[in-house]
J.: 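For reference, the structure I am asking about is given below.
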Amino acid sequence: MNKGYLHIKTLLVSLILFLLLYDNAFTQWVNDPSSNTKLVIDPVDPINISALKDFNGGAYVFWEDKKGSFESDIYFIHFNENGDVSFRADGKAVSTRSGVKENPIAFVEPSGNSIVLWKGYDKRKNSELYIQKLSKNGLRLWQNEGIQLTESRLEKVDYSLRADKRGYAHISYITKNLNSSNKFSVRYQAITPSGKFLSDSLKGNLYSSNNTISETEIIPDGKSGSFVFWLENQNQKTLLCGQYVDSTGSRKWGKKPLTISKTTSNVISYSVGKLGNSIYVAITYQGTNKIVYQNLISDKGKYLWGNEGKLLTYQKGSQTNPQFSFIDSSVVVSWTNEFEKQKDVFIQRFDVKGNHLWGNNGKRIINIKGNQFGQRIVYDMKNGVVLAWIDKRENNPNANLYIQKVDLKGNFVWDSSGVMISSSQNMQKSYLNLIPDGDGGAIAVFKGTSDKRNDIYGQKIFSTGTYASQILGFNAQVVRDSVKVFWYAANENDGTTYSIFRTGIENAKENDWKIAGSLKKNNKSETNYYEFYDWPDLNGSIYYRVVQKNEKTQPQYSTVEKVDYFRDIESIMLGQNSPNPFSSTTAISFYLPQEDEITFEFFNSNIETVKKIEDVEYPAGKNEIVFDAENLPPGIYFYRLKVGKFVDVKKMIIAE
């Protein structure tokens, strides 16, 4: 047969396949938990599935699979806030390098690109670590094969990856020498955004021992250094150890590692995170029952919650799977409690001193008989957390997925029995991942297995606790001397009305909201657009929300939007920064009745000045400055405006 004909035929087949995959890539979220959105086309048996937010309402999904070969490979997709897959819906391999690839771990840097680290084997079955950077549109940014991180030919026991605000990748890994002494070593490395090793001094051996070492975690300090943690068997006990290494490679916690756990108990597992300049750690110990202790460790290596830390809960039973999220210099922790053959999910909030804020034993997430477990928790990017879990209720042979939103006072925001994510019959669900959608809701990603098929699914729950949001894209903006409030609404029932409320109080209580007007449902299409103009009698920061009401359903509340409104006033006004919380930059508005010199000062929670704008002249009217949080750790900050004798101070929050 003519070779040219075969070439053209191959191209046509490839083109048809591409078009089919491209067409299926526009999945979009469904509003039925019994038929979730299928994110990936025809995986074989995906394992080690992880989903990570992209800071723009969408996410990356990584998984390991044996698709198309007998060797495992690592694939990824990216989808946007609407559930549309950005490139190949069957997934794209992270590297063209041959050989087995397994156990991917990934992190998303502030630019929105992702970094993935994995273990690979060559033809001689030597294991090495490799790393790759990927874009939202599927490009491999560190060459097609990625970068080989190690060349030691030692067994790679475990590894960890994080990225800092500048996009530097920080890696810790554990090696084992099989040829002689079975010596274990903890090593670390940092890679620049362009894919270069930061320096030879950081390609170091942090710690070596003839004791068994496992399970490492690394956390960047935001200054080119890292906190590194691992488990080590000492005197027949498994202990948690750690070391802080600065940008020069110097060990800041002494020549010997810091022993963080109790020396009289065995550590089963641990998890760590950065809270301000300190490290939060949750440690699960083995005993008659499994128990969880937590501690806060300063960058100086001091135990801020006592030498042994503080007990997570006083409940009877075994506590496992502690999951946490940071909000307003506090930590919200969730865990599974098993007692008398029943598993329940609990949640608790602690301040920076380790004090319980929601009662001594926390709150049970749902009061229904059955087994709840496998929970995941995320900060909702607004004023609370979202929690998802696997739920096997009495008289129901199938384990389904549920989700709940909890505000900062510990109140459950959505349905008291939880909102169902997935109720697909005869489907086993595993690898539950949860990511915030950036607007008060969340997206769950999970594996579903039924009829010998394995698929990766997604389900979005909006901030209103609904599958198809009743109020979409709510916003408010100043238009000349008025405030324009506008939104879209989907799947409305007949008789729906909208009430527009305003207040001048941040975190207002229910009776602080005043009605500004109302609208009735449009009868145009399934998705309708609404706008309302308000002429408020307030000045400064004004907050708006819309409440959707209908006789057939519970009221649905929009998100809260803030505007800085200044109308022909004779006094100086300072607005609240927006967005707040923020991770990179935020805008601060202020009003001057006449041209004047201003001074802005920015302070951390210790009232130390971190930035200053001094004696700069601004014109009369509304003005705005942009504050950049570069090199500042997450936490609570304050900003002060001084104009002559006028002084005003407001709080802002830098998030992870």
J.: When you check the side-chain N and O atoms of N321 and Q375, is any donor under 3.5 Å from an acceptor?
T.: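 Per modelled atom types, N321 and Q375 side chains form a pair under 3.5 Å.
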
J.: What I want to find out is whether K223 reaches D246 closely enough, with some N-O distance under 4.0 Å, to be called a salt bridge.
T.: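 Here K223 does not pair with D246 in a salt bridge, since their nearest N and O are not under 4.0 Å apart.
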
J.: Please check if any side-chain donor atom of S422 sits under 3.5 Å from a side-chain acceptor atom of N36, or the reverse.
T.: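 A donor-acceptor contact under 3.5 Å links the two side chains.
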
J.: Search all heavy atoms of L311 against all heavy atoms of Q294 and return the closest pair with its distance.
T.: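 Smallest heavy-atom distance, with atoms named: O-NE2, 4.4 Å.
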
J.: Would you name the heavy atoms of S417 and R393 that are closest together and state the gap between them?
T.: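 Scanning both residues completely, I find the closest heavy atoms to be O-NH2, 2.8 Å.
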
J.: Examine the side chains of N211 and Q234 and answer whether a donor and an acceptor come within less than 3.5 Å of each other.
T.: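 Distance-only check fails for N211 and Q234.
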
J.: Any sub-3.5 Å donor-acceptor pair from N604's side-chain atoms to E608's backbone N or O?
T.: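 Here the side-chain-to-backbone pair exists.
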
J.: Over all heavy atoms of both residues, which pair between G301 and L258 is shortest? Give the atoms and the distance, please.
T.: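 Minimum heavy-atom separation between G301 and L258: O-CD2, 3.9 Å.
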
J.: Judged by modelled atom types alone, do S172 and T216 share a side-chain donor-acceptor pair under 3.5 Å?
T.: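 Result is yes, a qualifying pair exists.
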
J.: Judged by atom type as modelled, is there a donor-acceptor pair below 3.5 Å linking the side chain of D328 to the main-chain atoms of S330?
T.: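 No; zero donor-acceptor contacts below 3.5 Å.
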
J.: side-chain hydrogen bond (donor to acceptor under 3.5 Å, both in side chains) with T175: which of R187, K156, K183, E155?
T.: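 Result: among R187, K156, K183, E155, R187 is the only option passing the side-chain hydrogen bond (donor to acceptor under 3.5 Å, both in side chains) with T175.
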
J.: Does one side chain, of S214 or D158, offer a donor that lies under 3.5 Å from an acceptor on the other?
T.: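 Side-chain D/A pair, S214 to D158: absent.
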
J.: Anything under 30° is parallel, anything over 60° is perpendicular, the rest tilted; go ahead and classify F62 against F76.
T.: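 It falls in the parallel class, under 30°.
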
J.: If we ignore hydrogens and angles and just use 3.5 Å, is the side chain of N433 paired with the main-chain N or O of Y431 as donor and acceptor?
T.: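 Such a contact is found between N433 side chain and Y431 backbone.
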
J.: Look at atom NZ of K382 and say whether more than 12 heavy atoms of other residues, nucleotides or ligands are closer to it than 6.0 Å.
T.: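 Counting neighbours around NZ of K382, more than 12 heavy atoms of other residues, nucleotides or ligands fall under 6.0 Å, so yes.
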
J.: So with a 6.0 Å cut-off around CD of Q286, is the heavy-atom count from everything else above 12?
T.: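 Result for CD/Q286: enclosed.
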
J.: Measure the shortest side-chain to side-chain distance between I347 and V385 over non-hydrogen atoms and say whether it is less than 4.5 angstrom.
T.: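 SC-SC contact between I347 and V385 confirmed.
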
J.: One thing to verify: whether R162 and D164 come together as a salt bridge, which I'm taking to mean a side-chain N less than 4.0 angstrom from a carboxylate O.
T.: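 So D164 does not pair with R162 through a salt bridge.
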
J.: So, do Y244 and F227 have ring centers that fall under 6.0 Å from each other?
T.: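 Centroid distance Y244-F227: below 6.0 Å, so yes.
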
J.: Do L296 and I279 have side chains that get closer than 4.5 Å, going by heavy atoms?
T.: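 Side-chain contact under 4.5 Å: no.
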
J.: Do Y207 and E232 pair up side chain to side chain, a donor and an acceptor below 3.5 Å, judged on atom types alone?
T.: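 Indeed, the side chains of Y207 and E232 share at least one donor-acceptor pair under 3.5 Å.
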
J.: Does atom CG of N307 have more than 12 heavy-atom neighbours from other groups under 6.0 Å away?
T.: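 No, CG of N307 has 12 or fewer neighbouring heavy atoms, counting only those of other groups under 6.0 Å.
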
J.: State the OG1-CD1 distance between T320 and I291, to the nearest 0.5 angstrom.
T.: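 Spacing of OG1 (T320) from CD1 (I291) equals 13.0 Å.
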
J.: Would you name the heavy atoms of W335 and P322 that are closest together and state the gap between them?
T.: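 Minimum heavy-atom separation between W335 and P322: CB-CA, 4.3 Å.
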
J.: List the atom of S298, the atom of S278, and the distance in Å for their closest heavy-atom pair.
T.: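 Residues S298 and S278, closest heavy atoms: CA-OG, 3.7 Å.
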
J.: Do T238 and N233 meet the criterion of a side-chain donor-acceptor pair at a distance under 3.5 Å?
T.: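 There is such a pair (donor and acceptor under 3.5 Å, judged by atom type) between the side chains of T238 and N233.
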
J.: Run the ring-centre check on Y637 versus F603 and record whether the distance is less than 6.0 Å.
T.: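 Not close enough - the centres of the two rings lie 6.0 Å or further apart.
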
J.: Would you find a donor on one side and an acceptor on the other, under 3.5 Å apart, between the side chain of Y270 and the backbone of E215?
T.: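 Checking the backbone N and O of E215 against the side chain of Y270, a donor-acceptor pair under 3.5 Å is found.
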
J.: Between the side chain of K363 and the main-chain N/O of F412, is any donor-acceptor distance below 3.5 Å?
T.: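 Absent.
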
J.: Would you mind checking if K119 and E128 are paired as a salt bridge, meaning a charged N to carboxylate O distance below 4.0 Å?
T.: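 Looking at K119 together with E128, the answer is no, because their closest N to O distance does not fall below 4.0 Å.
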
J.: Check whether any side-chain N or O of R376 sits under 3.5 Å from a backbone N or O of Q323 as a donor-acceptor pair, and report yes or no.
T.: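 No.
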
J.: Parallel, tilted or perpendicular for Y314 and H356, by the 30°/60° rule?
T.: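 Tilted.
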
J.: So do I174 and Y159 actually touch side chain to side chain, heavy atoms under 4.5 Å?
T.: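 They are not in side-chain contact.
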
J.: Please name the pair of heavy atoms, one in L39 and one in I77, separated by the smallest distance, quoted to 0.1 Å.
T.: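 Heavy atoms only, the tightest pair is O-CD1, 3.7 Å.
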
J.: Are the side chains of M381 and Y379 in touch, meaning some heavy atoms are under 4.5 Å apart?
T.: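 Sidechains of Y379 and M381: in contact.
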
J.: How about N235: does its CG atom have over 12 heavy atoms from other parts shown lying under 6.0 Å from it?
T.: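 No, CG of N235 has 12 or fewer neighbouring heavy atoms, counting only those of other groups under 6.0 Å.
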
J.: Where the side chain of K429 meets the backbone of A399, is there a donor-acceptor pair that is under 3.5 Å apart?
T.: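 Side chain of K429 to backbone of A399, a donor-acceptor pair under 3.5 Å: yes, one is there.
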
J.: Relative to the ring of H170, is the ring of Y168 parallel (under 30°), tilted (30 to 60°) or perpendicular (over 60°)?
T.: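 Ring orientation of Y168 relative to H170: tilted.
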
J.: So, N103 and N48: side-chain donor and acceptor under 3.5 Å apart, yes or no?
T.: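 N103 vs N48: donor-acceptor pair found between side chains.
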
J.: For L117, run the side-chain contact (heavy atoms from CB on, under 4.5 Å) check against L149, I191, V94 and tell me which one passes.
T.: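 Per the side-chain contact (heavy atoms from CB on, under 4.5 Å) rule, the option paired with L117 is L149, out of L149, I191, V94.
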
J.: For the side chain of N371 and the backbone of K343, is there at least one donor-acceptor N/O pair under 3.5 Å apart?
T.: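 Between the backbone of K343 and the side chain of N371 there is a qualifying donor-acceptor contact (under 3.5 Å).
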
J.: Counting only heavy atoms not in K252 (residues, nucleotides, ligands), do more than 12 fall under 6.0 Å from its NZ?
T.: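 For K252, atom NZ is not crowded (no more than 12 foreign heavy atoms under 6.0 Å).
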
J.: Would you check if W414 and V386 make a side-chain contact, meaning some heavy-atom pair closer than 4.5 Å?
T.: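 Sidechains of V386 and W414: in contact.
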
J.: Examine K176 relative to F184 and say whether NZ or CZ is less than 6.0 Å from the centre of the six-membered ring and inside a 45° cone about the ring axis.
T.: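 No, K176 and F184 do not form such a contact.
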
J.: Short question: side chain of Q348, backbone of G359 - any donor-acceptor pair under 3.5 Å?
T.: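 It does hold such a pair.
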
J.: With heavy-atom distances below 4.5 Å as the criterion, would you say the side chains of I653 and N580 are in contact?
T.: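 Yes, their side chains come closer than 4.5 Å.
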
J.: Are S224 and S247 close enough that a side-chain donor and a side-chain acceptor fall under 3.5 Å?
T.: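 There is no such pair (donor and acceptor under 3.5 Å, judged by atom type) between the side chains of S224 and S247.
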
J.: Heavy-atom count around K302 NZ within 6.0 Å, excluding the residue itself: above 12?
T.: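 Counting other residues, nucleotides and ligands, NZ of K302 stays at 12 neighbours or fewer.
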
J.: Distance-only, no hydrogens or angles: does the W305 side chain make a donor-acceptor pair with backbone N or O of V352 under 3.5 Å?
T.: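 Yes; judged by distance alone, with no hydrogens or angles, the pair exists.
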
J.: Can you check whether I377 reaches L434 side chain to side chain, under 4.5 Å on heavy atoms?
T.: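 No; the side chains remain at least 4.5 Å from each other.
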
J.: Hey, are D45 and K447 close enough for a salt bridge, meaning a charged N less than 4.0 Å from a carboxylate O?
T.: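 Judged by the 4.0 Å cut-off on N to carboxylate O distance, D45 and K447 do form a salt bridge.
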
J.: Got Y173 and W230 here, is their nearest side-chain heavy-atom distance under 4.5 Å?
T.: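 Heavy-atom side-chain distance check fails, nothing below 4.5 Å.
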
J.: Please work out which of the three classes, parallel, tilted or perpendicular, describes the rings of Y285 and Y293, given edges at 30° and 60°.
T.: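 Perpendicular.
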
